[in-house]
Participant: 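Quick one: this structure, given as structure tokens, is what I'll be asking you about.
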Amino acid sequence: MTNQNHSPAKTSLHEQIEKITALLNNLRPRLVEAEAELSERLAAISAFEFKLRSRIARLTDKLDKLEAEIQELRRKMRWLGEGWQTDPENEAAAWAAGERAAESGDYRYREMPQVPRQKLAEEEKVSLKQLYRQLARRFHPDMAVDKEDRKYRTQMMMAINAAYAAGDLEKLEQLLLEPDAPHTIVINSEQEQLDLLTRELTRVQNRLEEIKDELAQLDKHKSTFMMQRQEEVARAGRDWFAEVAAQLRQDIDKRKIERDVLEEQLANIEAFDETAASPDDIADIILDATLDDSFDPQISAEFDRYIDRRRSKNYFEQDYEDDYDLD
């Protein structure tokens with residue numbers, strides 16, 4: 001039988017327990033909704049990224065190969081330059097070089113989806129969301145009561161989020177049959193109950209703040225802006241994915257030309273180095289000409305060829321003759 005003669009301290013504990021319980025009853029639905037919003041956003045962006053990569057992966061692979069060839073040619077020519085992935089005009093190429101939205105943050109209780117989201121009918125989408133919320137209320141890790149319970153709930157929540165991200169209604173239905181935490185907690189006093197509830201309240205509040213920050217981080221991600229642009233273009237009746245692919249094809253053509261030009265320049269330099277007179281030979285020619293009283297500006301055919309070749313490769317900013325007083 002419960003003792004009706006509560007001491008002031010016990011009454012105070014009881015009131016605190018009631019107050020924290022009321023707060024938790026108010027925050028828990030908000031947490032479930034926030035988790036659902038974050039999961040939906042990540043699932044939508046991941047589906048967009050998967051579709052975009054499937055449309056442009058072959059093209060970006062070509063650009064990667066061309067870029068590697070160009071950089072190797074530039075290295076050989078001691079000529080540094082920017083790559084296609086830093087081209088501010090090529091948005092899709094820069095996106096392909098970056099990381100996916102889900103990789104850009106440490107989104108808790110989630111794994112990277114490796115398959116595209118299944119296509120569902122409208123009524124199936126409604127069922128998917130309802131099941132997700134129902135499972136999140138049961139298994140959310142921030143509602144755990146101890147370390148063992150949290151570990152179990154975390155594993156369950158990751159499976160729930162993975163199934164939701166993939167649009168796997170059947171998997172969520174299977175998870176619904178899973179038992180609750182496999183052990184129970186025995187509370188021996190009001191103080192223990194108050195401590196437990198206080199920790200849970202802190203976890204729930206912290207998680208709500210985390211979700212707020214994660215949503216803000218998603219808002220700033222490149223994939224989010226590109227997805228929004230795709231939606232705008234689609235409303236205008238255009239195929240944004242096709243436009244992106246066309247942009248990449250144009251960039252491929254430009255890079256091919258750049259590579260071919262570099263190959264030709266490098267071949268000319270190598271051929272010039274094999275046939276041109278050495279600097280020592282040219283110095284001897286100039287010395288011999290200087291000692292000759294009847295010096296002719298046309299020193300020799302060899303000297304002329306040397307001057308023309310050096311000029312053609314832009315080795316000198318001014319005429320070679322200006323560097324020497326031949327009079």
Side-chain angles (χ1 to χ4, degrees), residues 42-105 111-117 217-234 236-276 308-317:
L42 281 169
I45 293 174
S46 295
F48 166 79
E49 291 175 335
F50 186 91
K51 184 175 182 180
L52 180 56
R53 289 185 185 279
S54 69
R55 295 287 294 270
I56 70 172
R58 182 176 58 85
L59 299 173
T60 54
D61 286 346
K62 284 185 177 180
L63 278 172
D64 283 333
K65 183 178 179 181
L66 282 168
E67 177 63 18
E69 294 176 2
I70 289 171
Q71 291 300 329
E72 177 61 16
L73 290 168
R74 286 175 171 173
R75 185 190 66 79
K76 291 180 179 179
M77 298 176 65
R78 303 178 184 277
W79 174 29
L80 301 178
E82 295 294 333
W84 66 271
Q85 294 174 350
T86 61
D87 183 355
E89 297 181 357
N90 197 324
E91 183 178 39
W95 175 87
E99 59 186 7
R100 287 186 280 173
E103 296 172 325
S104 65
E111 293 178 337
M112 286 293 300
Q114 300 299 326
V115 295
R117 196 175 197 186
Q217 185 174 356
L218 273 182
D219 287 338
K220 298 176 182 178
H221 195 273
K222 186 71 173 178
S223 292
T224 300
F225 291 114
M226 297 186 76
M227 184 174 68
Q228 292 171 350
R229 185 171 303 175
Q230 183 270 327
E231 293 170 350
E232 293 174 0
V233 171
R238 303 193 338 254
D239 187 345
W240 180 83
F241 294 101
E243 293 177 2
V244 169
Q247 179 188 22
L248 289 172
R249 290 189 184 95
Q250 292 177 359
D251 207 4
I252 287 172
D253 291 339
K254 289 191 297 183
R255 283 321 218 189
K256 284 181 177 178
I257 294 173
E258 182 178 357
R259 178 201 59 190
D260 294 344
V261 169
L262 289 172
E263 286 179 343
E264 183 177 356
Q265 289 179 347
L266 182 60
N268 289 338
I269 291 174
E270 291 174 345
F272 169 75
D273 288 341
E274 291 176 359
T275 59
D308 291 339
R309 287 168 182 156
R310 301 295 276 184
R311 285 173 177 168
S312 67
K313 299 306 173 187
N314 297 321
Y315 275 73
F316 298 98
E317 296 181 357

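Keep in mind that what you see is a predicted model, and the values were worked out from it rather than measured. For the single chain, residues carry numbers from 1 onward in sequence order.
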Participant: Could Arg75 and Glu72 be called an ion pair, given the rule that one side-chain N must be under 4.0 Å from one carboxylate O?
Facilitator: yes

Participant: When you compare the side chain of Lys254 with that of Asp251, does any pair of heavy atoms fall below 4.5 Å?
Facilitator: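 Yes, at least one pair of side-chain atoms sits under 4.5 Å.
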
Participant: When rounded to the nearest 0.5 angstrom, what distance separates NZ in Lys51 from CD in Gln230?
Facilitator: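 CD of Gln230 is found 6.0 Å from NZ of Lys51.
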
Participant: Can you tell me how far the CD atom of Glu258 sits from the CG atom of Leu66, to the nearest 0.5 Å?
Facilitator: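 That separation rounds to 9.5 Å.
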
Participant: Could you give the distance from CG (Leu248) to CG (Asp253), rounded to the nearest 0.5 Å?
Facilitator: 11.0 Å

Participant: Rounded to the nearest 0.5 Å, what's the gap from OG1 on Thr224 to CD on Glu49? Could you check?
Facilitator: 8.0 Å

Participant: Looking at CD of Glu232 and CH2 of Trp240, how far apart are the two atoms once the value is rounded to the nearest 0.5 Å?
Facilitator: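 The CH2 atom of Trp240 is 11.5 Å from CD of Glu232, to the nearest 0.5 Å.
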
Participant: Show the nearest heavy-atom pair for residues Asp239 and Arg55, with the distance to one decimal.
Facilitator: OD2-NH2, 3.6 Å

Participant: Are Glu67 and Gln71 linked by a side-chain donor-acceptor pair shorter than 3.5 Å?
Facilitator: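 Yes, Gln71 and Glu67 have a side-chain donor paired with an acceptor closer than 3.5 Å.
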
Participant: State, yes or no, whether a side-chain contact exists between Val244 and Arg229 at a heavy-atom distance under 4.5 Å.
Facilitator: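 Not touching, per the 4.5 Å side-chain cut-off.
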
Participant: Considering only heavy atoms from C-beta outward, does the side chain of Ile70 approach that of Arg74 to under 4.5 Å?
Facilitator: yes

Participant: Taking C-beta and beyond as the side chain, do His221 and Ile45 meet within less than 4.5 Å on heavy atoms?
Facilitator: no

Participant: If you measure from CD1 on Ile56 to CG on Asp61, what distance do you get to the nearest 0.5 Å?
Facilitator: 9.5 Å

Participant: Grab the two heavy atoms, one from Lys220 and one from Phe225, that are nearest each other, plus how far apart they are.
Facilitator: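 So the minimum-distance heavy-atom pair works out to O-CE1, 3.5 Å.
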
